[in-house]
Amino acid sequence: MNIPFLDNWRKRPVAEATGAWSDPEGVAELLSECELLRNRAKQAGVVLGDSPVSLEALDQLLPRWRDDPEELPWLANDVGLYLGTVIVRTVPGAHWGPGPDGRPVVVMASGREVDVVTTGQEWADTGAPELSQVYAEVAES
């Protein structure tokens, strides 16, 4: 799946990307789409309601995506963005922001940055760390 707009957006330097971050609601809406993940979850009978409970349900899925090397990176990215969406929507003060490399990170009220995309990649590759555990740790801090 090749989406030139997103590829170009992700490759922009941080200085260029910061202007896009001036609309936090728009950014949150865009990053919450996670279309591939939502479709795969639906096919598995899991409804993603942007809640911590849905992270537990994702943790229980059989990792069939690992059999498709073309789909794996896209799904992994969606998993990270979905984890970030749940955090932003349920943890007070959490919001999206640009990370050091321009990729989206979740910024906690304390200022701590959580690289949810990398977490999503690790989870999709190995099943660890569990998404629900990451959420619990982030929500506590």
Show me the donor-acceptor pairs, under 3.5 Å and distance only, between side chains in residues 40-50 and residues at least two apart or in other chains.
{"residue": "R40", "atom": "NE", "partner": "E71", "partner atom": "OE1", "Å": "3.2"}
{"residue": "R40", "atom": "NE", "partner": "E71", "partner atom": "OE2", "Å": "3.2"}
{"residue": "R40", "atom": "NH2", "partner": "E71", "partner atom": "OE1", "Å": "2.7"}
{"residue": "D50", "atom": "OD1", "partner": "R38", "partner atom": "NH1", "Å": "3.4"}
{"residue": "D50", "atom": "OD1", "partner": "R38", "partner atom": "NH2", "Å": "2.8"}
{"residue": "D50", "atom": "OD2", "partner": "R89", "partner atom": "NH1", "Å": "2.1"}

Tell me which donor-acceptor pairs under 3.5 Å the side chains of residues 24-31 have, and how far apart each pair is, sequence neighbours excluded?
none

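At a threshold of 4.5 Å between side-chain heavy atoms, the hydrophobic network of Ile, Leu, Val, Met, Phe, Trp and Tyr places V79 and L61 in one connected group. Two different hydrophobic clusters hold V105 and V88 under the rule that ILVMFWY side chains link at heavy-atom gaps under 4.5 Å. Using a 4.5 Å cut-off between side-chain heavy atoms of Ile, Leu, Val, Met, Phe, Trp and Tyr, with links allowed through other members, L58 and L36 fall into the same hydrophobic cluster.
The side chain to side chain contact (heavy atoms under 4.5 Å, CB included) test applied to P129 returns T119, E122, V134, not counting sequence neighbours. For E33, there are no side-chain hydrogen bond (donor to acceptor under 3.5 Å, both in side chains) partners two or more places apart in sequence or in a different chain. Take E113 and apply the side-chain hydrogen bond (donor to acceptor under 3.5 Å, both in side chains) test, not counting sequence neighbours, and it matches no residue.
Residue L83 holds its CG atom at 10.5 Å from CG of L37, rounded to the nearest 0.5 Å. To the nearest 0.5 Å, atoms OH (Y82) and CG (L75) are separated by 13.0 Å. Taken from CD1 in I87 to CH2 in W96, the straight-line distance is 7.5 Å, to the nearest 0.5 Å.
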With side-chain contact (heavy atoms from CB on, under 4.5 Å) as the test, would you mind laying out the steps for M108 and V106 before giving the verdict? CA-CA 6 Å; M108 306 305 295; V106 174; 3.8 Å; yes

Go through the steps for W74 and D68 under the test side-chain contact (heavy atoms from CB on, under 4.5 Å), then give the verdict. CA-CA 11 Å; W74 293 99; D68 187 345; over 6 Å; no

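A donor atom on one side chain and an acceptor atom on the other are not found under 3.5 Å apart for E56 and Q60.
Proximity of V86 to P52: side-chain heavy atoms (C-beta onward) are separated by under 4.5 Å at one or more points. A heavy-atom distance below 4.5 Å is not found between the side chains of D59 and Q133.
When atom types are taken as modelled, the side chain of R66 and the backbone of L72 share no donor-acceptor pair closer than 3.5 angstrom.
When all heavy atoms are compared, the tightest approach of G102 to W21 is O-CZ2, 4.4 Å. Of all non-hydrogen atoms in P92 and A109, the two that sit nearest each other are O-CB, 4.1 Å.
Under the ring-ring contact (aromatic ring centres under 6.0 Å, His included) criterion, the residue pairs touching residues 114-136 are W65-W123, with sequence neighbours excluded.
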